[in-house]
2 protein chains.
Amino acid sequence: MDELPTRDRLVFAAMKLFGEKGYLSTSVQDILREAGANAGSLYHFFPTKQDVLVAVLDMYREGIEPMLLAPAWEGVDDPIERIFALLASYRRALEISDCLYGCPIGSIALELHEPDPPVRELLSVNFHQWVGHVERCLIEAGERLPADLDRRQTAILVLNVMEGGVMQSRTHRTLDAFDASVAGLRDYLDRLEQAASAGRNNAAGGHDG
Amino acid sequence: MDELPTRDRLVFAAMKLFGEKGYLSTSVQDILREAGANAGSLYHFFPTKQDVLVAVLDMYREGIEPMLLAPAWEGVDDPIERIFALLASYRRALEISDCLYGCPIGSIALELHEPDPPVRELLSVNFHQWVGHVERCLIEAGERLPADLDRRQTAILVLNVMEGGVMQSRTHRTLDAFDASVAGLRDYLDRLEQAASAGRNNAAGGHDG
DNA sequence: TCGGCGCTTGAACGTCCATTCAAGCCATGC
DNA sequence: GCATGGCTTGAATGGACGTTCAAGCGCCGA
């Protein structure tokens, strides 16, 4: 029963608590209790509480691929379905936590109104990465989507759907809003696929304006 | 120069500060300083700080029509353009505050992970109202949109676009994400209008499946 | 003129918070 | 066997926080 090193226990404890209660509502004592450590240990590794947050955000950044995308995309090859599989993994988190646990990055982003530069930058990087992965799915969908579709713009919209769905579901304590958000996105992507398909047929028929 | 009554000054001060720095980061002292009042006065009107928040959320609930929608919709009659006019008013708030001030309801909703029932309910009501107004626009758009379109679902998506756009823009400190979100929504609604128009033409031509 | 009352004053209170620190532990290298 | 240095211990510190309260002010009806 080899315990993790103290530093890691602290970061994991903080990650859990920041996600559950938010950054401001989590005290250093909370982290220490959860990690089974003492104040001196924490301050041996981290100058301030904010540096713990930075370490947590760093871990999210590194973990997005192996911890979030890989499990969500297991057995899902279709690039468009991967987007909905990703959204489904957030739905699951909401479901098993009674609509309490959503996206920790989003919570922290809205909780800290004027975050210090290192924190803001890491939040920004995390969003960029997430959007980048969704954008790649949309690019991989190739000509199934309209050729002139701005795929980064659409990826940003997907992040909105997730974050907005989480926000509303947590507030209403029902999954309805999340499901409605995803259904709205599904309708949009369906229509994009139809338009692309129609566009290809027209092109094949030599029709132009 | 008749000052407002103390209770109102307190609520307005709290509204301003909660919007700027969030609920948890705003101290009672901050509110007192901003309102020019003393602790005893605040606690004469409100049992706790949380009751000030309740009063603020109540004021938002009452103010959504006269303070938010009316100015945003001045001179805009088209129901679909009203949706974009509403989004534009949030964009303006982001713009003049250097991407700091977004939607206070959304911030508080994510900041308080387990809000006490009265607070959660008021957040919920505020969201419902907002979605309801957008839904009414979509209903007023009538047959310009597909007959089978779920207009509440679409209204929820519009709220996502706003909240998600605000969240990303505040994090990146650029309006790009907000603009991309709105552009994505515009593309979706354009396609819905096209589909409805095509549907009407088919129906007029007596075409069926 | 006076009493009552809504409201104000601002110091004081206890709690909790992030952070510090002197002391100690223990594995390692000598 | 001993010194070194990374890590731990947990009590202490000072400040900020939400909240309380005894005292006072000033308006108004009697």
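In what follows, chains are A, B, ... by sequence order, proteins preceding strands, each numbered from 1.
- Ring geometry for B:H128 versus A:H172: interplanar angle of 30 to 60°, hence tilted.
- Closest approach to the B:H44 side chain among D:dC7, C:dT19, C:dC7 is made by C:dC7 (side chain taken as heavy atoms from C-beta onward).
- Residue A:T6 places at least one side-chain N or O under 4.0 Å from the OP1 or OP2 atom of D:dT8.
- Among all heavy-atom pairs drawn from B:A55 and B:F46, the shortest one is CB-CE2, 3.8 Å.
- When heavy atoms are screened at a 4.0 angstrom cut-off, B:T26 is found touching the sugar-phosphate backbone but no base atom.
- Straight-line distance from the CD atom of A:Q29 to the C1' atom of D:dT9: 13 Å, rounded to whole Å.
- In this entry the distance linking CZ of B:F46 with C1' of D:dG18 reads 15 Å, nearest Å.
- Rounded to a whole Å, the CZ atom of B:F45 is 9 Å from the C1' atom of C:dT8.
- In this structure, B:Y90 OH and B:S169 OG are separated by 14.5 Å, a value rounded to the nearest 0.5 Å.
- Look at B:R152 and B:E135 and you find a salt bridge, because one of the NZ, NE, NH1 or NH2 atoms lies within 4.0 Å of a carboxylate O, short of that distance.
- Checking C:dT20, C:dC7, D:dC7 against every side-chain atom of A:Y43, the shortest atom distance belongs to C:dT20.
- As rounded to whole Å, 15 Å separates atom C1' of C:dG6 from atom CG of B:N38.
- Contacts of A:S27 with the nucleic acid, taken as non-hydrogen atoms under 4.0 Å apart, involve only primed sugar atoms and P, OP1 or OP2.
- Separating the CG atom of A:L10 from the C1' atom of C:dA18 is a distance of 15 Å, rounded to the nearest angstrom.
- Remark: C1' of C:dC17 and CG of A:L24 are 12 Å apart, rounded to the nearest angstrom.
- One interatomic measurement links the two molecules: NZ of A:K49 to P of C:dC17, which rounds to 9 Å at whole-angstrom precision.
- In this structure, the nucleotide among D:dT9, C:dA18, D:dG18 sitting nearest to the side chain of B:V28 is D:dG18.
- Because its NZ or CZ atom is both nearer than 6.0 Å to the ring centre of B:F84 and within 45° of the ring axis, B:R186 counts as a cation-pi partner of that residue.
- At the heavy-atom level, B:A39 lies under 4.0 Å from base atoms of the strands shown.
- Protein atom OH of B:Y23 is 13 Å distant from nucleotide atom P of D:dC17, rounded to whole Å.
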